[in-house]
Novice: 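The structure follows.
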There are 2 protein chains.
Amino acid sequence: MSSQSTKKHEAINARTALLPSTDRSLPIALTRAREKVMLPIRQMLIASGITEQQWRILRVLQEQGPLDSTTLAEQACLLMPSLTRIVQSMEEKGFVSRVVSQEDRRRQTVSIEAKGRTIIQNNLDEAAIIAKRFEDVLGKQKLKTLLETLKQLDEL
Amino acid sequence: MSSQSTKKHEAINARTALLPSTDRSLPIALTRAREKVMLPIRQMLIASGITEQQWRILRVLQEQGPLDSTTLAEQACLLMPSLTRIVQSMEEKGFVSRVVSQEDRRRQTVSIEAKGRTIIQNNLDEAAIIAKRFEDVLGKQKLKTLLETLKQLDEL
DNA sequence: CAATATTACTTAATATGTTAAATAATATCC
DNA sequence: GGATATTATTTAACATATTAAGTAATATTG
């Protein structure tokens with residue numbers, strides 16, 4: 001922002017006009033928005049002692065029933081190495097259970113357990129309020145458009 | 001997806017209809033889109049041996065000139081503890097330098113160095129091509145709308 | 001059907017994310 | 001002006017992200 005850097009900035013942009021500046025960058029904008037949207041959810045979950053990733057795992061299992069690890073990772077938007085560790089830790093705490101599949105013993109099925117369901121119950125209402133707040137801020141139509149555009153990016 | 005879990009799923013949704021299901025969740029959609037957009041950038045940067053966060057730091061410094069750590073963290077979308085570590089490592093590698101501010105000795109100013117500029121030069125064209133690809137996929141108007149909506153979320 | 005390839009998951013190593021606490025310098029208040 | 005509060009940065013501790021390599025089971029192929 002200093003005047004001496006402004007000249008340099010313009011000089012560089014003159015020969016690299018193709019790339020949008022960082023304040024118009026899609027990756028950065030997505031990261032910022034994600035952070036803002038995650039923050040209240042993270043704060044809510046502190047009381048339950050779980051992370052947003054663990055919350056996503058519980059919600060996916062509650063919605064879709066028992067899943068194999070690969071599908072669960074995809075649905076909860078986690079990479080397999082992360083999922084492995086998180087599910088191990090959640091199993092130790094009794095939130096989920098794992099059983100080896102009998103048809104294919106490479107696979108395992110992860111299920112939500114009573115303790116995990118309790119966490120869902122304790123947070124579902126507040127999570128809905130948080131989601132509603134963002135819907136109200138953006139408006140239903142803009143939120144719908146946003147989700148569609150984000151989906152389009154995901155499906156590339 | 002199994003039929004025995006479908007009944008459970010519906011039963012739960014009946015009494016918790018307020019919260020959108022995970023496949024319509026804004027946090028998850030943002031995370032997925034971010035991942036898709038970041039992937040080609042990360043792959044590009046492998047050749048230079050830096051991460052996307054280090055790339056953001058270099059780009060912000062190149063655009064805006066020397067910055068104090070707090071501003072740099074804000075602009076590069078990093079938390080201060082992350083910035084501290086990353087800048088330390090980048091300083092050791094000669095990509096950036098740090099000097100303590102004389103007006104306020106709590107502050108320090110971070111500057112990009114020749115080695116850092118070289119990395120920018122080596123990747124700017126390809127970064128522009130990647131950015132263009134997303135612009136072409138979405139269309140200029142939809143990208144503009146997306147950035148505006150994301151900004152609106154950020155400014156909450 | 002045995003060698004090879006693929007798949008599902010795990011482990012390892014390194015980097016970043018996140019919260020809390022520590023540190024040092026500056027600002028504020030009585 | 002000295003006690004106290006605030007600010008800028010760092011450190012610590014733990015959790016996740018990412019890439020690569022490892023392992024065990026299944027699938028494929030000659």
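Throughout, protein chains are lettered first and strands after them, A, B, ... in sequence-line order, and every chain is numbered starting at 1.
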Novice: How long is the gap from CG on B:L153 to NZ on A:K142, to the nearest 0.5 Å?
Specialist: 9.0 Å
Novice: At what distance, to the nearest 0.5 angstrom, does CG of B:L67 lie from CG of B:L61?
Specialist: 5.5 Å
Novice: Does a nitrogen or oxygen in the side chain of B:Q54 sit under 4.0 Å from OP1 or OP2 of C:dT16?
Specialist: yes
Novice: Mind checking the CG-CZ spacing from B:L156 to A:R133? Nearest 0.5 Å is all I need.
Specialist: 9.0 Å
Novice: Any salt bridge linking B:E35 with B:R42? Criterion: basic side-chain nitrogen under 4.0 Å from a carboxylate oxygen.
Specialist: yes
Novice: Can you tell me the distance, in whole Å, between the CZ atom of B:R56 and the C1' atom of C:dG17?
Specialist: 11 Å
Novice: How many angstroms lie between atom OG1 of B:T71 and atom CZ of B:R107, to the nearest 0.5 angstrom?
Specialist: 7.5 Å
Novice: Would you mind building the protein contact string for nucleotides 5-12 of chain C? One character per nucleotide, 5' to 3', B for base within reach (heavy atoms under 4.0 Å), S for sugar-phosphate only, - for untouched.
Specialist: -BBSSBBB
Novice: What is the first contacted nucleotide of DNA chain D and what is the last, in 5' to 3' order, if contact means an atom lying under 4.0 angstrom from a heavy atom of chain A?
Specialist: D:dA15 to D:dT26
Novice: What are the residues of residues 31-52 of chain B, sorted by number, that bring a heavy atom to within less than 4.0 Å of DNA chain C?
Specialist: B:T51
Novice: Could you check whether B:R32 pairs with A:E74 (Lys NZ or Arg NE/NH1/NH2 to Asp/Glu carboxylate O, under 4.0 Å)?
Specialist: yes
Novice: Got a second to check how far A:L124's CG is from A:M44's CE, nearest 0.5 Å?
Specialist: 8.5 Å
Novice: Report yes if some heavy atom in the side chain of A:M90 is under 4.5 Å from a heavy atom in the side chain of A:K115; otherwise report no.
Specialist: no
Novice: What's the spacing between A:Q121 CD and A:N123 CG if we round to 0.5 Å?
Specialist: 10.0 Å
Novice: Please report the distance, rounded to the nearest Å, between CG in B:L79 and P in C:dG17.
Specialist: 7 Å
Novice: Are A:I28 and A:L150 connected into the same hydrophobic cluster when the rule is that any two of I, L, V, M, F, W, Y join if their side-chain heavy atoms are below 4.5 Å apart?
Specialist: no
